[in-house]
Asker: 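Sharing a structure here in structure tokens format.
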4 protein chains.
Amino acid sequence: MLNKVILIGRLTRDPELRYTSQGTAVCNFALAVERDYKNSNGERDVDFIDVTVWRKQAETCANHLGKGRLVAVEGRMQIDTWKDDNGTNRKSPKVVARDVSFLDWPNDKQGNSGNNNQKKEEIDVPF
Amino acid sequence: MLNKVILIGRLTRDPELRYTSQGTAVCNFALAVERDYKNSNGERDVDFIDVTVWRKQAETCANHLGKGRLVAVEGRMQIDTWKDDNGTNRKSPKVVARDVSFLDWPNDKQGNSGNNNQKKEEIDVPF
Amino acid sequence: MLNKVILIGRLTRDPELRYTSQGTAVCNFALAVERDYKNSNGERDVDFIDVTVWRKQAETCANHLGKGRLVAVEGRMQIDTWKDDNGTNRKSPKVVARDVSFLDWPNDKQGNSGNNNQKKEEIDVPF
Amino acid sequence: MLNKVILIGRLTRDPELRYTSQGTAVCNFALAVERDYKNSNGERDVDFIDVTVWRKQAETCANHLGKGRLVAVEGRMQIDTWKDDNGTNRKSPKVVARDVSFLDWPNDKQGNSGNNNQKKEEIDVPF
DNA sequence: TTTT
DNA sequence: TTTT
């Protein structure tokens, strides 16, 4: 009924852009997310989390992001499961993003990966 | 730098309580989280997500929750990775919970799984 | 760059539905959100938070919600400010909802307030 | 039952540190949070939101943050209400922070405002 | 102004 | 497989 994930981290590599057979854009990248607290070795553990972005935002991410960039991702947690060739159950966890915000961008380019026009009606509403 | 997950769903089975060799309580259960939107077959897809709760909250969950109960979980996404006997990389995703709220509880028992005393100082602060 | 609010609480009264002069539906209600921890009097403090929902979801909320109902709201925090007749600055805080989920609904009606069709393309994507 | 706010924004001024009569540290600052989408004038609206941090994190914020710094805040929405001298009801909304992460910090100082030792037990747990 |  |  609610499945919400918010991550802030850095891209571990350049994003990959692909298209489905129906022509829908999909962008994949992985985020390195440092834990807030140091472990018993005095180091910060890091979670590496795969992220998938669809459609227009996929193209925006592919065009503007690169390895090492700092982003905030809002989305939902999804765990794809399948049986591999050995017949063992495998899990492929990822975050399917609804919004990606660029956090270390020069000021005049600042923004998110969304369509600037799609929420226009809401903004105009005087109520 | 931020890794935040919020889930609302129902337990797929009774929670399991274990203790580490140091005596720390740990409770595991899985949540069924329905998607908001129906798929092309007119059904709601369901995400099944493993949840781990530590210490005092682990015991509270084990004592009060059961299969089918509705809860809200706040925590972080963690993906444990290891090589299995075939030498293939395996992933074990879960949510490590910081708070669990019971949502379908009779009124006089309502609350979360935390220690009711631990935040007392904050509440008393007159500022 | 990110402004995200997630509330779970009960409606303090029936929702009110209005329309802007352009015909856009807007629904207002207030939520009672109990704190997880008891205060020094042994009671749970309650936050009362106004919520605004726009468009199609506004009508769904108005049609299906009522006083006392349990919902989850995802949205953003907005603080409208203005000068009143005495010339003093006044603040009107609220949550502008992006999604409202009904949590205490009979199972066959379960769901959220959104348009079940609008995300169809994403669901069909085979990637 | 759940009241969760996550903000990413920049401090509009230097943080202020105070102490309650019991000696508890409390730090106040305001965040400017840009909306993702431009309004009908082609500008990005900005939400200005007051933030309060308590105890050890208050001192860390006061010591390390300043006007213009980029932070992520996780906390809860709180609306204090009172009657002013004219007898009118006034509202004072803010976010009471549970965690503050510094996002534009040189690498060797990176981290959050929390106590690095307080979660040590969890990290050591071998389970 | 406030919900179970 | 991993970022600063």
Asker: Just how far, in rounded Å, is P of E:dT3 from CG of D:L2?
Answerer: 21 Å

Asker: Counting C-beta onward and ignoring hydrogens, is there a side-chain heavy-atom pair between A:V33 and A:V46 closer than 4.5 Å?
Answerer: no

Asker: List in numerical order all residues of residues 61-68 of chain A for which some heavy atom is under 4.0 Å away from an atom belonging to DNA chain F.
Answerer: A:K67, A:G68

Asker: Nearest to the side chain of A:D50 - F:dT1, E:dT3, F:dT3?
Answerer: F:dT1

Asker: Heavy-atom count check: over 12 atoms from other residues, nucleotides or ligands less than 6.0 Å from A:N41 CG?
Answerer: yes

Asker: Grab the CD-P distance between C:E16 and E:dT2 for me, whole Å please.
Answerer: 15 Å

Asker: C:N28 has an atom CG; how far is it from atom P of E:dT1, in whole Å?
Answerer: 19 Å

Asker: Whole-Å distance between E:dT1 P and C:I49 CD1?
Answerer: 17 Å

Asker: Do other residues, nucleotides or ligands put more than 12 heavy atoms under 6.0 Å from B:N89 CG?
Answerer: yes

Asker: Counting side-chain heavy atoms from C-beta on, which of F:dT2, E:dT3, F:dT3 comes nearest to A:E34?
Answerer: F:dT3

Asker: The side chain of B:N89 lies closest to which of these nucleotides: E:dT2, F:dT1, F:dT3?
Answerer: F:dT1

Asker: Looking at A:D99 and C:R98, is there a salt bridge between them, counting it only when a charged N and a carboxylate O are closer than 4.0 Å?
Answerer: yes

Asker: Is any side-chain N of the basic residue among A:E43 and A:K38 closer than 4.0 Å to the acidic one's carboxylate O?
Answerer: no

Asker: Expressed in angstrom and rounded to an integer, what is the separation of C:R10 atom CZ from E:dT1 atom C1'?
Answerer: 19 Å

Asker: Which of these, C:K91, C:R90, C:K94, sits in a salt bridge (Lys or Arg N to Asp or Glu O under 4.0 Å) with C:D80?
Answerer: C:K94

Asker: Rounding to a whole Å, what distance do you find between D:L103:CG and F:dT4:P?
Answerer: 16 Å

Asker: Give one of base, sugar-phosphate or nothing for A:V46, where a contact means two heavy atoms less than 4.0 Å apart.
Answerer: base

Asker: Would you say A:I6 and A:V73 make side-chain contact, with heavy atoms under 4.5 Å?
Answerer: no

Asker: What is the separation between atom CD on A:E43 and atom C1' on F:dT2, rounded to the nearest whole Å?
Answerer: 15 Å

Asker: Kindly point out which of F:dT2, F:dT1, E:dT2 is positioned nearest to the side chain of B:K91?
Answerer: F:dT1

Asker: Taking CZ from A:F48 and P from F:dT4, how many angstroms apart are they, rounded to a whole number?
Answerer: 11 Å

